[in-house]
There are 2 protein chains.
Amino acid sequence: MFKVNKLTDYATVLLIEIARRKVVQSSQHIAEQTGIPSPTVAKIMKSLNRAGLVASRRGASGGYSLERAAELITLADVIQAVEGPIALTACADTSDEHCNIESICPVQGKWNRANTAVRAALTQVTLADMVADMTMFGVPQHVAQTTAAE
Amino acid sequence: MFKVNKLTDYATVLLIEIARRKVVQSSQHIAEQTGIPSPTVAKIMKSLNRAGLVASRRGASGGYSLERAAELITLADVIQAVEGPIALTACADTSDEHCNIESICPVQGKWNRANTAVRAALTQVTLADMVADMTMFGVPQHVAQTTAAE
DNA sequence: AAATACAGGACTAATTCAGTCCTATTTACC
DNA sequence: GGTAAATAGGACTGAATTAGTCCTGTATTT
């Protein structure tokens, strides 16, 4: 199956959680809210921070918040933050990886068109869209509960 | 990096080879032409045949040929043939896989929009496009040689 | 000063993927 | 009719990637 990493899927869940509440949340807290193991959350949040998708505050009562509006964070951003560049084949990307079938694949533009098309598609979908889709398909019980509980 | 399987990349190479010559070729022959190991070629060709992208003829002087014109074979077809359904996340696909974070991800349409967009993007790129892109970026030495030799 | 929380990176376990091989079936040709 | 050539299907193994954990250091609040 053609799919994104598990971690990328998690990342969207985390970002949606952060987008819903507007306050700074510790990675520990986010883990509890989402049910994703805390070390894993920490790892992902670091990537998202490095990529500039979330702002971090250290120290007591620190944590993470969105760096910019959910409308301005695209799925392409998230995937790139967690997995690196969106390049459907290895040779299209960094030229330090050498294609072992060079005789027929001398870094030609074979896949360029596809890369561009997929990147464009993923740039069209924003975090805000995903939040909207979620509630459309039925508000998740768990989040609804915990949100109400506060 | 967000990318397709190596086998899918191979598959495009194989299909391009088949598209260039119009005759029926054995999987063995295709392997020699492309430099991809013959058992691997055989495996991929079986998938492509099952998916209806290539026609097969058994027995002596048998082999494979395109089932339809290169313009009508899309990258989405190839990916689906080799990797299965294009579903960016596991839970969006067959419902027999159970998401282990169900509390926050009860098979919601979170990723639907993205799946649709990516599928559309990959449907726009055809095998004919890839053949064209290849020659545009410089005719591969090897294929040029062997083609001339016959 | 002490507690809290992020930053970076090393390491291990689990999963997936790539590649090979074996047996059965079909077809061409002598 | 027999033999060789080729695909069909599937099982199996080794390699590579991914997911997950943990440790040490640094910044910040109270």
Side-chain angles (χ1 to χ4, degrees), chain A residues 1-11 13-14 18 23-32 34-65 67 79 81-84 87 89-90 93 97 99-101, chain B residues 1-11 13-14 18 23-32 34-65 67 79 81-84 87 89-90 93 97 99-101:
Chain A
M1 180 167 32
F2 181 58
K3 59 172 197 292
V4 298
N5 284 350
K6 218 172 182 179
L7 292 184
T8 302
D9 191 8
Y10 287 173
V13 172
L14 299 179
I18 298 175
V23 298
V24 173
Q25 292 183 77
S26 72
S27 116
Q28 176 73 38
H29 186 241
I30 297 171
E32 285 159 13
T34 57
I36 298 171
S38 138
T40 300
V41 172
K43 181 180 193 173
I44 296 170
M45 292 313 299
K46 285 175 209 166
S47 300
L48 296 178
N49 178 50
R50 255 175 250 145
L53 300 188
V54 298
S56 73
R57 265 181 58 194
R58 287 188 174 191
S61 79
Y64 297 96
S65 56
E67 179 71 49
I79 293 175
V82 179
E83 312 194 17
T89 55
D93 181 39
E97 278 200 62
C99 186
N100 40 6
I101 320 271
Chain B
M1 182 169 27
F2 181 58
K3 61 175 195 291
V4 297
N5 283 349
K6 217 173 183 179
L7 292 184
T8 302
D9 191 8
Y10 287 172
V13 172
L14 300 179
I18 298 174
V23 298
V24 173
Q25 292 181 77
S26 74
S27 113
Q28 177 74 38
H29 186 242
I30 298 172
E32 284 159 12
T34 57
I36 298 171
S38 137
T40 301
V41 171
K43 181 181 191 173
I44 296 170
M45 292 314 298
K46 286 174 210 167
S47 300
L48 295 178
N49 178 50
R50 254 175 252 144
L53 300 188
V54 299
S56 73
R57 265 182 57 195
R58 288 190 172 187
S61 81
Y64 297 95
S65 57
E67 178 71 48
I79 294 176
V82 179
E83 312 194 18
T89 53
D93 181 42
E97 278 200 61
C99 186
N100 40 5
I101 320 274

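Chain letters run A, B, ... following the sequence lines, proteins first and then strands; every chain starts at 1.
The side chain to side chain donor-acceptor pair (under 3.5 Å) test applied to B:S56 returns no partner, not counting sequence neighbours. For B:Y64, there are no ring-ring contact (aromatic ring centres under 6.0 Å, His included) partners at least two apart in sequence or on another chain. B:S26 pairs by the side chain to side chain donor-acceptor pair (under 3.5 Å) definition with nothing, not counting sequence neighbours. For A:A81, the side chain to side chain contact (heavy atoms under 4.5 Å, CB included) partners are A:L48, A:A51, A:L53, not counting sequence neighbours. Not counting sequence neighbours, A:E67 has no partner by the side chain to side chain donor-acceptor pair (under 3.5 Å) test.
Rounded to whole Å, the distance from CD1 on B:I30 to C1' on D:dA5 is 15 Å. With rounding to whole Å, B:E83 atom CD is found 15 Å from D:dT17 atom P. Remark: P of C:dT16 and CZ of A:F2 are 17 Å apart, rounded to the nearest angstrom. Going from atom CD1 of A:I44 over to atom C1' of C:dA7 covers 16 Å, rounded to whole Å. Note: CZ (B:R50) to P (D:dG10) measures 7 Å, nearest angstrom. Taking atom CD1 of residue B:I18 and atom P of nucleotide D:dT7, one finds them 10 Å apart after rounding to whole Å. We find that CG of B:D9 is positioned 11 Å from P of C:dG19, with the value rounded to whole Å. Atom C1' of nucleotide C:dT15 and atom CE of A:M1 are separated by 13 Å, given to the nearest angstrom.
The 5' end of DNA chain C is approached more closely, in terms of each residue's nearest nucleotide, by A:M45 than by the other of B:N5 and A:M45.
Using a 4.0 Å cut-off, no side-chain N or O of B:N49 falls inside it from OP1 or OP2 of D:dT7. Of the side-chain N and O atoms in A:S56, one or more sit less than 4.0 angstrom from OP1 or OP2 of C:dA7. Not one side-chain nitrogen or oxygen of A:Y10 sits closer than 4.0 Å to the OP1 or OP2 atom of D:dT18. Look at A:T40 and you'll find a side-chain N or O under 4.0 angstrom from OP1 or OP2 of D:dT21.
Judged purely by atom type and a 3.5 angstrom limit, B:E83 uses its side chain to pair as donor or acceptor with the backbone of B:N5. Side chain of B:T34 to backbone of B:I30: a donor-acceptor contact under 3.5 angstrom is found.
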Under 4.0 Å protein heavy-atom contacts per nucleotide of nucleotides 21-30 of chain C, with B for base, S for backbone only and - for none: ----BBBS--
